[in-house]
Amino acid sequence: MGMGRSAFYFLWAERRFSFPLPVTFVIFCLWLTAGNCQQQAQCRIQKCTTDFVSLTFHLNSASDGFDWEFCKALRAYSACTQRTAKACRGNLVFHSAVLGINDLMVQRNCSKDGPTSSTNPEIVYDPCNYHNRGGGRDHRLGDQIQSTYLFCGLFGDPHLRTFKDQFQTCKVEGAWPLIDNNYLSVQVTNVPVVPGSSATATNKVTIIFKAFQECTDQKVYQAVTDDLPAAFVDGTTYGGEGDMKSLYIVEKVGWKHVEMYARYIGTTVVVRQVGRYLTLAVRIPEELAMAYEESQDLQLCVNGCPTGERIDGEHLPLPMVATQQFHVNTLESATAKCHEKMEVKDIYFHSCVFDLLTTGDANFTAAAYSALEDLKALHPKRERWYIFPNDASCSPCNNQWLPAFYLGLISFILSFL
């Protein structure tokens, strides 16, 4: 039984950082069950395992509603093992499977009571599930499903990662639209971090999930500093009816971290409060993200910040001369603090250093780290996770000029004082 438990842990650890349920998992499950169940004809653990694999093979841990669908499949798997428990008494594979199910339910915070998946998923049609309606191109091929998704994130002072994986640092004080298409609108409000400076950070997020067919009425979510609710403004926590919730909110950390899953448009939105400010991450199908009218073209996630609002290397005469206010020791201290959280010195690391130098607020270190973790959870292409300064919009910022780059950015901001 120990081997069974460790095997499930190994497979699930692999699952968390890979694409749709790996073939190794399928082979492992079927290999385990085949031999034992031939010897014990009445034990139906092989059928239970085969059904579970068919229910989860198409799922992707980075997609919206993964936990909901995976927990339904686990409950169905558990119910199947209970029905065959008597016949499988003494069967090593059966008991290993039971342990594995229990471990996974704890790991994914699945309740034992709740809806279960149908064991005939091919005949189940949910019109309020984006994938069932034909979204994602091909349900069978994980890389094709992923290639149709886009990611956008905003954090810190503020730093924007667009749908095109362009990375920008912007001023954008006041209310600005990140996303504004036919299905979803996301607006942020940024306020000055240091009085009199052009450096800003987000203190308010407004999200509108627009009404869609019979799946959901319009739902509005709003968060401000120190008020990050786990409900929409109308007091509800989901859209849709019955067990087939097409839109719902999950509170990960009370008043600090919420996630919204819009199954009907295949979209996930993550909002966090770190320190006094908010961070945002969105994953949405490309075809929906690009469904907007000409009048809706001011979208930071789509086109980036307007040129006049950007603070990046293209606007800086590098190298810059250090000022007395931001000396090398301060740079070294900020670098050390950010390195404690982030080992890879990519653009998120450098943004962390910039924010510490600009504000002196250590919470910006946690904000950069959280933004990177949300990126890893939601961005569909692992090879694009890391952007390095000379690859981002600030092309002059190679490693040789990084100290001057930070000081140049800060001098640029101070010029507005």
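All values below were derived from every heavy atom in this structure, side-chain atoms included, with hydrogens, water molecules and symmetry-related copies excluded.
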Is the backbone N or O of Val106 less than 3.5 Å from a side-chain atom of Asp103, with the two atoms forming a donor-acceptor pair by type?
no
Minimum heavy-atom separation for Asp165 to Ile387, with atom names?
O-CD1, 3.2 Å
Determine, for Tyr183 and Lys210, whether the Lys NZ or Arg CZ falls below 6.0 Å from the six-membered ring centre while staying within 45 degrees of the axis.
no
So how far is it from Leu288 CG to Asn182 CG, rounded to the nearest 0.5 Å?
9.0 Å
So for atom CD, which belongs to Gln213, do other residues, nucleotides or ligands contribute more than 12 heavy atoms lying within a distance under 6.0 Å?
yes
Return yes if some donor-acceptor pair links the side-chain N/O of Thr206 with the main-chain N/O of Gln187 below 3.5 Å, else return no.
no
Are Val274 and Phe155 side-chain neighbours, meaning at least one heavy-atom pair lies under 4.5 Å?
no
Keeping the roles fixed (side chain from Thr216, backbone from Phe212), state whether a donor-acceptor pair exists under 3.5 Å.
no
Check: Lys171 side chain, Pro158 main-chain N or O, donor-acceptor pair, under 3.5 Å:
no
Once rounded to the nearest 0.5 Å, what's the spacing between atom OG1 of Thr148 and atom CD1 of Ile284?
11.0 Å
Heavy-atom check, side chain of Phe232 versus side chain of Thr237, under 4.5 Å
no
Is a side-chain donor or acceptor of Gln296 paired with a backbone partner of Glu293 at a separation under 3.5 angstrom?
yes
Could you grab the distance from atom CG of Leu150 to atom CG of Leu378, nearest 0.5 Å is fine?
12.5 Å
Whether Tyr221 side chain and Met260 backbone form a donor-acceptor pair below 3.5 Å:
no
If you define the side chain from C-beta out and look only at heavy atoms, does anything of Lys252 sit under 4.5 Å from Val258?
no
Is there side-chain contact between Tyr264 and Leu247, with heavy atoms separated by less than 4.5 Å?
yes
Closest contact, heavy atoms only, Leu55 versus Ala73
CB-CB, 4.0 Å
Value rounded to 0.5 Å, distance of CG in Leu160 from CD in Gln168:
5.5 Å
Start with the C-alpha gap between Val282 and Ile179, add the side-chain angles, then the distance that decides, and say whether side-chain contact (heavy atoms from CB on, under 4.5 Å) holds.
CA-CA 9 Å; Val282 180; Ile179 299 172; 3.7 Å; yes
Keeping to residues at least two apart or across chains, list the ring pair (Phe, Tyr, Trp, His ring centres under 6.0 Å) pairs with something in residues 269-311.
Tyr277-Phe364
Worked check of side-chain contact (heavy atoms from CB on, under 4.5 Å) between Arg272 and Asp374:
CA-CA 10 Å; Arg272 298 175 185 259; Asp374 289 337; 2.8 Å; yes
Pairwise side-chain contact, Lys204 with Gln222, heavy-atom cut-off 4.5 Å (strictly under):
yes
Under 4.5 Å between any side-chain heavy atoms of Val270 and Leu280, yes or no?
no
Of all residues at least two apart in sequence or in a different chain, which pass the salt bridge (charged side-chain N to carboxylate O under 4.0 Å, His left out) check with Asp355?
none
Within the structure provided, determine whether Met105 and Leu74 are in side-chain contact (heavy-atom separation under 4.5 Å).
yes
Cation over ring face, Arg161 and Phe167, 6.0 Å, 45°:
no
Quick check: does any side chain N or O of Ser246 sit under 3.5 Å from a backbone N or O of Cys215, one acting as donor and the other as acceptor?
yes
Under 30°, 30 to 60°, or over 60°: which ring-plane class applies to Phe70 and Phe66, parallel, tilted or perpendicular?
parallel
Determine, step by step, whether Tyr149 and Glu287 satisfy the side-chain hydrogen bond (donor to acceptor under 3.5 Å, both in side chains) criterion, reporting the C-alpha distance in whole Å, the side-chain angles of both residues, the deciding distance to 0.1 Å, and the verdict.
CA-CA 8 Å; Tyr149 278 85; Glu287 62 180 339; over 6 Å; no
Kindly give the heavy-atom pair with the smallest separation between Ile265 and Pro285, and that separation in Å.
O-CD, 3.2 Å
Please determine whether the number of non-hydrogen atoms from other residues, nucleotides or ligands lying under 6.0 Å from atom CG of Asp217 exceeds 12.
no
Would Tyr77 and Thr49 satisfy side-chain hydrogen bond (donor to acceptor under 3.5 Å, both in side chains), going step by step from the backbone distance to the final call?
CA-CA 7 Å; Tyr77 195 5; Thr49 301; 2.8 Å; yes
For atom OH of Tyr369, decide whether the heavy atoms of other residues, nucleotides or ligands shown that lie under 6.0 angstrom number more than 12.
no
Please step through side-chain contact (heavy atoms from CB on, under 4.5 Å) for the pair Leu154 and Val188, ending with a clear verdict.
CA-CA 9 Å; Leu154 186 77; Val188 296; 3.8 Å; yes
Exactly one candidate in Asn363, Thr225, Asp227, Asp226 meets side chain to side chain donor-acceptor pair (under 3.5 Å) with Gln273; the answer is Asp226
Taking the six-membered ring of Phe209 as reference, does the NZ or CZ atom of Lys219 fall below 6.0 Å from its centre and within a 45° cone about the axis?
no
Compare all side-chain heavy atoms of Met342 with those of Tyr348 and state whether any distance is below 4.5 angstrom.
yes
Centres of the Tyr248 and Tyr238 rings: under 6.0 Å?
no
Would you check if the side chain of Asp180 reaches a backbone N or O of Val186 as a donor-acceptor pair within less than 3.5 Å?
no
Candidate pair Lys72 and Glu69, rule salt bridge (Lys or Arg N to Asp or Glu O under 4.0 Å), full reasoning:
CA-CA 5 Å; Lys72 285 169 60 179; Glu69 295 297 333; 3.8 Å; yes
So disulfide bond (SG atoms under 2.5 Å apart) across residues 149-194, not counting sequence neighbours, yields Cys152-Cys301, Cys170-Cys305
Do side-chain atoms of Ser370 reach the backbone of Ala367 as a donor and acceptor pair under 3.5 angstrom?
no
Closest contact, heavy atoms only, Arg75 versus Ser111
NH1-O, 2.8 Å
